[in-house]
Amino acid sequence: MSGPRQTVCRHERQRATSTRWGALRLLAHAEFPGTPYSVSTARLWVRDLLSGRIADAVLDDVVLLLSEVVTNAVVHSDSGRAPGGSVMVCLGVGGGLVHVEVIDDGSATSVPFIRAANADSDGGRGLFLVEVMAAGWGTHHDDEAGNAVWFHLADGTSGASAPAEGRLPGSACR
């Protein structure tokens with residue numbers, strides 16, 4: 001008989017395998033069920049945590065981009081397809097930036113990418129908005145932790161406008 005199965009905290013696993021958290025201080029992380037209802041719950045959670053810490057206009061942008069990325073995680077990954085799926089949201093601050101990371105259960109059939117949306121389409125613009133509005137963004141896959149989509153924005157309080165990691169316009173850091 002084997003011992004209890006040890007679970008891996010997806011946030012800690014992603015932090016251990018990436019450099020993007022190096023200059024950031026973790027503010028909080030929370031796990032949400034992989035359901036459409038969790039999109040609004042995550043928005044409220046982030047708004048409550050960041051209110052008063054960053055400029056109001058930046059907070060509105062963070063909440064919009066978070067909404068798009070959590071929606072993508074629920075719709076396009078096993079987080080929303082498999083029973084018991086979940087989405088983890090991690091918030092960090094540092095160097096004049098606010099960093100948001102959404103970690104989902106991954107998918108055997110798709111990876112996050114910017115889709116070409118038709119003019120009359122209802123969807124397909126989430127990562128395009130992230131590309132246009134964020135100071136930096138990217139994706140990371142870990143077999144144990146799942147897929148992470150992250151973005152950061154200048155926090156609006158220190159005059160920072162450049163990302164902590166370089167990014168060429170029109171390209172996602174992966």
The criterion is side chain to side chain contact (heavy atoms under 4.5 Å, CB included); which residues satisfy it with Pro36, sequence neighbours excluded?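 Checked Pro36 against side chain to side chain contact (heavy atoms under 4.5 Å, CB included); matches are Val74.
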
Work out which heavy atom in [X] is nearest to a heavy atom in [Y]; give both atom names and the distance.
{"X": "Leu59", "Y": "Val46", "result": "CD1-O, 4.4 Å"}
{"X": "Ser86", "Y": "Asp105", "result": "N-OD2, 3.1 Å"}
{"X": "Phe151", "Y": "Val62", "result": "CZ-O, 3.9 Å"}
{"X": "Pro33", "Y": "Ser38", "result": "O-OG, 2.6 Å"}

[atom1]/[X] to [atom2]/[Y] distance, rounded to the nearest 0.5 angstrom?
{"X": "Leu65", "Y": "Leu153", "atom1": "CG", "atom2": "CG", "result": "6.0 Å"}
{"X": "Asn72", "Y": "Asn147", "atom1": "CG", "atom2": "CG", "result": "11.5 Å"}
{"X": "Leu49", "Y": "Leu44", "atom1": "CG", "atom2": "CG", "result": "11.0 Å"}
{"X": "His152", "Y": "Leu24", "atom1": "NE2", "atom2": "CG", "result": "8.0 Å"}
{"X": "Arg25", "Y": "His99", "atom1": "CZ", "atom2": "NE2", "result": "14.0 Å"}
{"X": "His29", "Y": "Glu101", "atom1": "NE2", "atom2": "CD", "result": "11.5 Å"}

Assess the residue pair Val70 and Val89 against the criterion (side chain to side chain contact (heavy atoms under 4.5 Å, CB included)); give the C-alpha distance rounded to whole Å, side-chain angles, the decisive distance to 0.1 Å, and a yes or no. CA-CA 8 Å; Val70 173; Val89 177; 4.1 Å; yes

Hey, does Thr139 have a side-chain heavy atom less than 4.5 Å from the side chain of Leu127?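 The answer is no, as the side chains (C-beta and beyond) never meet within the 4.5 Å cut-off.
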
Beyond-backbone contact of Val102 with Val87, side-chain heavy atoms, under 4.5 angstrom: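 Yes, at least one pair of side-chain atoms sits under 4.5 Å.
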
The criterion is salt bridge (Lys or Arg N to Asp or Glu O under 4.0 Å); which residues satisfy it with Asp61, sequence neighbours excluded?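 Asp61 satisfies salt bridge (Lys or Arg N to Asp or Glu O under 4.0 Å) with no residue once adjacent residues are dropped.
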
Begin from the C-alpha positions of Trp45 and Leu91 and carry the test side chain to side chain contact (heavy atoms under 4.5 Å, CB included) through to its verdict. CA-CA 11 Å; Trp45 178 75; Leu91 296 174; 3.9 Å; yes

Do Phe32 and Leu27 share a hydrophobic cluster, counting only Ile, Leu, Val, Met, Phe, Trp and Tyr and linking them when any side-chain heavy atoms are less than 4.5 Å apart?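 In one cluster: yes.
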
Can you get from Trp137 to Leu64 by hopping between Ile, Leu, Val, Met, Phe, Trp and Tyr side chains that sit under 4.5 Å apart?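 Yes; tracing contacts between hydrophobic side chains, which count when under 4.5 Å, links both residues.
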
Can you tell me which residue pairs pass the salt bridge (charged side-chain N to carboxylate O under 4.0 Å, His left out) test with a partner in residues 46-60, sequence neighbours excluded?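 Pairs touching residues 46-60 that pass the test: Arg47-Asp60.
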
Evaluate Val69 against Val100 for side chain to side chain contact (heavy atoms under 4.5 Å, CB included), listing each step before the verdict. CA-CA 10 Å; Val69 175; Val100 179; over 6 Å; no

Ser67 side chain to Val63 backbone, donor-acceptor under 3.5 Å: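 Side chain of Ser67 to backbone of Val63, a donor-acceptor pair under 3.5 Å: no, none is there.
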
Sub-3.5 Å donor-acceptor pair from the side chain of Ser79 to the main-chain atoms of Gly34, do we have one?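 Checked: no pair found.
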
